[in-house]
Protein chains: 2
Amino acid sequence: MSHAYEYERPALTVDCVIFGLDLEEESLKVMLIERDLEPFAGRWAIPGGFVRQGESLEAAALRELEEETGISDVFLEQLYTFGAPGRDPRGWIVSVAYYALVSPDKHHVTAATDARRAEWFTVTKLPSLAFDHNDIMRAALQRLRGKLAYAPIGFELLPRKFTIKQLQKLYEIVLGEKLDNRNFRKKIFSMDVLRELDEIQKGVPHRAARLYKFDERKYKQLMKQGMNFEL
Amino acid sequence: MSHAYEYERPALTVDCVIFGLDLEEESLKVMLIERDLEPFAGRWAIPGGFVRQGESLEAAALRELEEETGISDVFLEQLYTFGAPGRDPRGWIVSVAYYALVSPDKHHVTAATDARRAEWFTVTKLPSLAFDHNDIMRAALQRLRGKLAYAPIGFELLPRKFTIKQLQKLYEIVLGEKLDNRNFRKKIFSMDVLRELDEIQKGVPHRAARLYKFDERKYKQLMKQGMNFEL
DNA sequence: CCAAAAGTGTTTCACTTACACCCATGA
DNA sequence: TCATGGGTGTAAGTGAAACACTTTTGG
């Protein structure tokens, strides 16, 4: 590790897999951008862009997110860094991948500031993506599925006020398996991280469900006391 | 994402946290290198170096590992990428951190090819490290502890042939808590991923323990069938 | 009053935990 | 033969899984 300047330097990008939930059609979505330039013009890709000097990686990811989709203030976590030689035909480009979880409250979506098309795709029906973005997507899905079980990140995909059924649906959609509603309720209530609201669901043609929100304060408290979230 | 060349580029390094186990003194170790150049001359740091063009990140980490410590053929996994502005006073340097698990079979160690001092440190007694390497170390430890519980990576830290007691000790050392030996045995045997050898421990002044090895073949088989490793 | 989803209790079974003694070996 | 760690069985308790009916509301 002598001088930093003896070496060729890669270009550095961040790519951000943006997850959203469609509760109506009960599917997990990701936002993709249609490339207008070569290479891979016309192909869909994970939104991303170059990191600027003086900017942290996370800041770059947040900036790209905002610029390309108009989305801000979301859950964001670093995923993995992709640097295989040849992954980008333009040259040596290393990409730090992030994933974001966007609640339906914030699907202002498709509001890309530049002219590129941005669209939500159902994760089970993805087109073949540009670059090594299929790999990135695979990694992101694996991480989301894995982490959902032991970290309270699912709430980031729901509206701030949600019903237990919606929460259960979220788990069923992402994990791809049916869950027993009685057991699910017992488990989630036993963890004592939900705050029951005085409000109920509106506009449903049947009995309305009670609304809840995730009590982050209580969650952090319990974590300090050594509880562990698991679903 | 127009032209890759409009932007400043960071220098890219890999740093590799090397974990080893000392079964005699029952402690978890990491290998550190004493810096001979500014910045941080004389301080201890996580071994690492610049990524070369045409080289994958993992290949760079393996190369550095080999060059700096003489260690090869070990478990290696990407950890996290550190890119905070100002993390390196020499300029914009982004580092992809890896961690490696080295079995005592391979502690040829301290055989750094260049003149720098390399030494094993007990993780609970680390000096203050150069750059943001304290953060990297924290992340590596957290990952190791977390992953040990649900992935069979502990075996990477043991000799190829080991006793159940040694395996248990490993878990105790890394997780920092005593485990009940009867329950530990029951659990590990119930997972059916160990192959019992016809060999026993040598050179102990008491009853010799049976030796086992991790049966990776069987493990993969069971994983496909949906079993999940957990300790 | 009917359709549709919300919400609730109990039993069974498996797994985890806690705990103490005999066994085999080398010196 | 004794000291040292290796190795084993069982009972109690806890949590997960399986399962079906009653309640509420809007139309």
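By convention in this document, chain letters (A, B, ...) are assigned in the order of the sequence lines, proteins followed by strands, and residues within each chain are numbered from 1.
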(Q) Within the structure provided, determine whether L148(A) and I153(A) are in side-chain contact (heavy-atom separation under 4.5 Å). (A) yes
Q) What residues in residues 206-214 of chain A put a non-hydrogen atom under 4.0 Å from any atom of DNA chain C? A) H206(A), R207(A), A209(A), R210(A)
Q: Stems involving DNA chain C: give each as a range paired with a range, ordered by first number, where a stem means at least three consecutive Watson-Crick or G-U wobble pairs under 3.5 Å.
A: C:1-27 with D:1-27
Q. How close do H133(B) and D15(B) get, heavy atom to heavy atom, and via which atoms?
A. NE2-OD2, 3.6 Å
Q: Only counting residues at least two apart or in another chain, list the ones meeting side chain to side chain donor-acceptor pair (under 3.5 Å) with R207(A).
A: none
Q: Mind checking side chain to side chain contact (heavy atoms under 4.5 Å, CB included) for D73(B) and listing every partner two or more places apart, or none if nothing turns up?
A: K106(B)
**Q.** Contacts of P127(A) that satisfy side chain to side chain contact (heavy atoms under 4.5 Å, CB included) - sequence neighbours left out
**A.** L32(A), W44(A), F121(A), L129(A)
**Q.** Per-nucleotide protein contact string for nucleotides 10-18 of chain D (B base, S sugar-phosphate only, - none; heavy atom under 4.0 Å)
**A.** B------BB
For a quick test of your reading: what N or O donor-acceptor pairs under 3.5 Å do the side chains of residues 190-204 of chain B make, sequence neighbours left out?
from    : atom 1 : to      : atom 2 : distance (Å)
S190(B) : OG     : K186(B) : O      : 3.4
S190(B) : OG     : K187(B) : O      : 2.7
R195(B) : NH2    : D215(B) : OD2    : 3.0
E196(B) : OE2    : R210(B) : NE     : 3.3
E199(B) : OE1    : K161(B) : NZ     : 2.9
E199(B) : OE2    : K161(B) : NZ     : 3.3
Q201(B) : OE1    : A209(B) : N      : 3.0

Q | Test side chain to side chain donor-acceptor pair (under 3.5 Å) applied to N134(A) - qualifying residues, sequence neighbours left out | A | none
Q. Which residue pairs satisfy the salt bridge (charged side-chain N to carboxylate O under 4.0 Å, His left out) criterion with at least one member in residues 221-231 of chain B, sequence neighbours excluded?
A. none
Q. Can you give the first and last nucleotides of DNA chain C, 5' to 3', that have an atom under 4.0 Å from a heavy atom of chain A?
A. dA4(C) to dT10(C)
Q. In whole angstroms, how far is the P atom of dG7(D) from the NZ atom of K165(B)?
A. 9 Å
Q: Return the set of residues passing salt bridge (Lys or Arg N to Asp or Glu O under 4.0 Å) with R143(B) (not counting sequence neighbours), or none when no residue passes.
A: E77(B)
Q.
Output the rounded distance in Å from CD (Q201(A)) to C1' (dT25(D)).
A. 11 Å
Q: Using the test ring-ring contact (aromatic ring centres under 6.0 Å, His included), find all partners of Y98(B) that sit at least two apart in sequence or belong to another chain.
A: none
Q.
Under a 3.5 Å cutoff, is there a donor and acceptor pairing between the side chains of S56(B) and E58(B)?
A. no
Q. Is the F19(B)-F75(B) ring centre distance short of 6.0 angstrom?
A. no
Q) With side chains defined as the heavy atoms from C-beta onward, is the minimum distance between L179(A) and L231(A) less than 4.5 Å? A) no
